[in-house]
Trainee: 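A single structure is presented below for examination.
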There are 2 protein chains.
Amino acid sequence: MPMTRRPTSRDVAQAAGVSQSTVSLVLGGKWPGRVSPATARTVRRAAERLGYRPNLAARNLRLGTTRTVLLVVPTPSSTFFGSVYTGAAEVAARHGFGVVVYPWPDDTGPGDASAQGGPFASPREAIDGVLASSLAVEVLKEFRDTPAVMLDNDPAGATPTVAFAVADGMRALAAHLGALGHRRFGHVAAAVDQWTFHERGGALAAAVAALPGGGLVRATSAIDVAAAKEAAGRLLDRPDRPTVLVCDDDLMAAGAYKAARARGLEIPRDLSVTGFDDDVLATALEPELTTVRLPARRLGAEGMTALLELLDGRTPEPRSLPAELVVRASTAPPRR
Amino acid sequence: MPMTRRPTSRDVAQAAGVSQSTVSLVLGGKWPGRVSPATARTVRRAAERLGYRPNLAARNLRLGTTRTVLLVVPTPSSTFFGSVYTGAAEVAARHGFGVVVYPWPDDTGPGDASAQGGPFASPREAIDGVLASSLAVEVLKEFRDTPAVMLDNDPAGATPTVAFAVADGMRALAAHLGALGHRRFGHVAAAVDQWTFHERGGALAAAVAALPGGGLVRATSAIDVAAAKEAAGRLLDRPDRPTVLVCDDDLMAAGAYKAARARGLEIPRDLSVTGFDDDVLATALEPELTTVRLPARRLGAEGMTALLELLDGRTPEPRSLPAELVVRASTAPPRR
DNA sequence: CTGAAAGCGCTTACAG
DNA sequence: CTGAAAGCGCTTACAG
């Protein structure tokens, strides 16, 4: 056996003086009662000595399953998706599945030359299912006829979905602000064509319209500190300056903070600001940010549970996860 | 052909009235000159109609290669690793390779119950190589005898490595602070047993020792805003309070900001603070953070280049990437 | 308790 | 221009 070739189960069999099927039985843990303990030991020793590792492509082909799932996330990954992964991987591990992440280039983040050219080479990997997070439905075209679950997307679509109740969260936020006395709202909206942002915008508009004397102005920007600062600045420079800036993302709220400071406005005395997500950034900022917490880890966990049901031939129930208002120090009654 | 089974190239062949090998030739793009255009068209139509997609496990087994690489990153993923991925994926795509991410649970981030149990189920996927980012060498045990390149790790190790010149960066930072007049340094150090942090600590200690009258105190913490705030607080409460807090990470610098504010210290007037990485956070903070920029995207790109050389049978040169000082508004001369 | 054999679905020489 | 066949390295009935 030349050194250059990676050892196969056949090599191990030869070294141990048994048949290749015995090797497979032993290393697959299916030997008790079928192979003598002595033989099993010999086989394991030989495998160890040769540094044998099974060829996964062969196993996958034979079994017709890989027990691994692809988690597709937007490329400019935030800590949010780390949590989504953790939740998904925990559930998967309990069922003997692995999870691998495939970043999908999107135009959500700061302008990125590479992101223009569409997706990178897709993985040449055999996978059993796809979990597509916070992305356009077109992702699924890439993995068509692979069982898939969408995360944080329109539950009304054809694909099983686990969504956040973002509209609820936005309504709770608007109620909080309304109770503080705010009437002139500014919406620093993400310029991203995704269900979750449409939901947020719609819910905010409806809530403000329902408020006696309520008014809403909007500026859109990329999910990016500098762009959000710019957009927030446009709102703050209006003659009828809003008393609160509702931002579609914690990162955008950081931009709003900077726009306010640049104009000598103190938060929350002169201006209230809110975010969305409850990222680490929310408590890194000063004052700490009032925001809507999206339970990222649960999103991953519930998404994986739904996907495993789907792989099991069942039809997962649509799931909705609570979006909870977290009041911190960036909101206060408007200055009169 | 029952509806339940996924179509194979054999099904396509039957539908098109040709042999299975012809199907393979046509769909693999190797038909010109070997199959008539008319037949090729028929085959493609049949494949389209049946919704045929090749079985990747079979292809991988047959070819003995998957042309996909695993990028292993620490689980509590920051935006940093998004950039590493982008760089790696760009280079990979130019060579017909795909990249898939495998988050490795570590104890770097905030305490996470799930992270205690060691790695999640590893991917059952056949891969050609591994790019292991900012992680302990033990990661490689999991993928032993798979060609691997380490990122941001000790270049003196056995595995080919692409490292940042973090010691250079730290020295530049210390020189900047020394020139401003700082002598009493506090180091808010990451309690993480990794080469990159040992380098930072060593370089800082040496630079301060070389400064006439220089003194250094240190507190360690997890890479986490709350923990870093606590550690920074311990330093600030000392009778010989440092005039500058050098933090091992931008996120930790955010904690130092909070500790300073809690004590009524204004940055940079009463206290200078520095970070490391130049994450989005660095410019989200107020005042904007003086830090050391680590070119994450280049790390991914150079790492992939090295890995492709390795897969090609060559021995990659050790590579070192510059770590550049970025002076912003959080550093100033110490108050006298 | 052990082995010989089939077969997962591809790609690619090889023969015609 | 087209097809029959080998073989990648496994797992798992099946026979002994």
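Letters A, B, ... mirror the listed sequences (proteins, then strands); counts begin at 1.
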Trainee: A:H198: which residues meet the side-chain contact (heavy atoms from CB on, under 4.5 Å) condition with it, sequence neighbours left out?
Mentor: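 Applying side-chain contact (heavy atoms from CB on, under 4.5 Å) to A:H198 gives A:D193.
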
Trainee: Side chains of residues 33-52 of chain A: which donor-acceptor pairs under 3.5 Å do they make with residues two or more places apart or in other chains?
Mentor:
residue: A:S36; atom: OG; partner: A:T39; partner atom: N; Å: 3.2
residue: A:S36; atom: OG; partner: A:T39; partner atom: OG1; Å: 2.7
residue: A:T42; atom: OG1; partner: A:A38; partner atom: O; Å: 2.9

Trainee: Rounded to the Å, how far apart are A:N55 CG and D:dG7 P?
Mentor: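 So the two atoms are 17 Å apart, to the nearest Å.
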
Trainee: Can you sort out the partners of B:S19 under side chain to side chain donor-acceptor pair (under 3.5 Å), two or more places apart, ordered by chain and number?
Mentor: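 Partners of B:S19 under the side chain to side chain donor-acceptor pair (under 3.5 Å) test: B:S21, B:T22.
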
Trainee: Working to the nearest 0.5 angstrom, can you tell me the gap between B:F97 CZ and B:T68 OG1?
Mentor: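 So the CZ of B:F97 and the OG1 of B:T68 are separated by 8.5 Å.
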
Trainee: Quick check for you: to the nearest 0.5 Å, what is the distance between A:W195 atom CH2 and A:N153 atom CG?
Mentor: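 It comes to 7.5 Å.
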
Trainee: Contact list please: residues 14-27 of chain B against DNA chain D, heavy atoms, distance less than 4.0 Å, in numerical order.
Mentor: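 Residues of residues 14-27 of chain B under 4.0 Å from DNA chain D: B:V18, B:S19, B:S21, B:T22.
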
Trainee: In whole angstroms, how far is the C1' atom of D:dC1 from the CH2 atom of B:W31?
Mentor: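 The answer, rounded to whole Å, is 12 Å.
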
Trainee: Distances under 3.5 Å between protein N/O atoms and the N/O atoms of nucleotides 14-16 of chain D, please, pair by pair.
Mentor:
none

Trainee: If you take any heavy atom closer than 4.0 Å to DNA chain D, which residues from residues 59-70 of chain B end up in contact?
Mentor: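 Per residue number, the list reads B:L61, B:R62.
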
Trainee: Establish, with yes or no, whether the OP1 or OP2 oxygen of C:dT12 is under 4.0 angstrom from a side-chain nitrogen or oxygen of B:K30.
Mentor: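 Checking B:K30 against C:dT12: at least one side-chain N or O falls below 4.0 Å of OP1 or OP2.
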
Trainee: Partners of B:T161 by side chain to side chain donor-acceptor pair (under 3.5 Å), sequence neighbours excluded?
Mentor: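 Partners of B:T161 by the side chain to side chain donor-acceptor pair (under 3.5 Å) criterion come out as none, since no residue qualifies.
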
Trainee: Taking only residues two or more places apart in sequence or in another chain, which ones pass side-chain contact (heavy atoms from CB on, under 4.5 Å) with B:A126?
Mentor: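 Checked B:A126 against side-chain contact (heavy atoms from CB on, under 4.5 Å); matches are A:L56, A:A57, B:T66.
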
Trainee: For DNA chain D, what string of dots and brackets results from 5' to 3' when Watson-Crick and G-U pairs need both distances under 3.5 Å, crossing pairs get [ ], and pairs with another strand get |?
Mentor: |||.||||||||.|||

Trainee: Any side-chain to backbone donor/acceptor pair from B:R314 onto B:L308? Under 3.5 Å, distance only.
Mentor: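 It does not hold such a pair.
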
Trainee: Under the rule for side-chain contact (heavy atoms from CB on, under 4.5 Å), what residues qualify as partners of B:E302, not counting sequence neighbours?
Mentor: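 Checked B:E302 against side-chain contact (heavy atoms from CB on, under 4.5 Å); matches are B:V162, B:R298, B:R319, B:L321.
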
Trainee: Would you check if B:F81 and B:S133 make a side-chain contact, meaning some heavy-atom pair closer than 4.5 Å?
Mentor: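 In short, these two side chains touch, coming nearer than 4.5 Å.
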
Trainee: Applying side-chain contact (heavy atoms from CB on, under 4.5 Å), name anything that partners A:L310, two or more places apart in sequence or on another chain.
Mentor: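 For A:L310, the residues satisfying side-chain contact (heavy atoms from CB on, under 4.5 Å) (neighbours in sequence not counted) are A:P147, A:V149, A:P160, A:L307, A:P316.
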
Trainee: Can you check the B:R10 CZ to C:dG7 P distance for me, whole Å?
Mentor: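 Interatomic distance, CZ of B:R10 to P of C:dG7: 11 Å.
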
Trainee: I need the A:L294 CG to A:L299 CG distance, nearest 0.5 Å.
Mentor: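 CG of A:L299 is found 8.5 Å from CG of A:L294.
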
Trainee: Kindly point out which of C:dG9, D:dG9, D:dT2 is positioned nearest to the side chain of B:T8?
Mentor: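 Selected nucleotide (nearest to the side chain): C:dG9.
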
Trainee: Going by side chain to side chain donor-acceptor pair (under 3.5 Å), name the residues that satisfy it together with A:Q20, two or more places apart in sequence or in a different chain.
Mentor: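 With sequence neighbours excluded, A:Q20 shows a side chain to side chain donor-acceptor pair (under 3.5 Å) to A:S9, given in chain and number order.
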
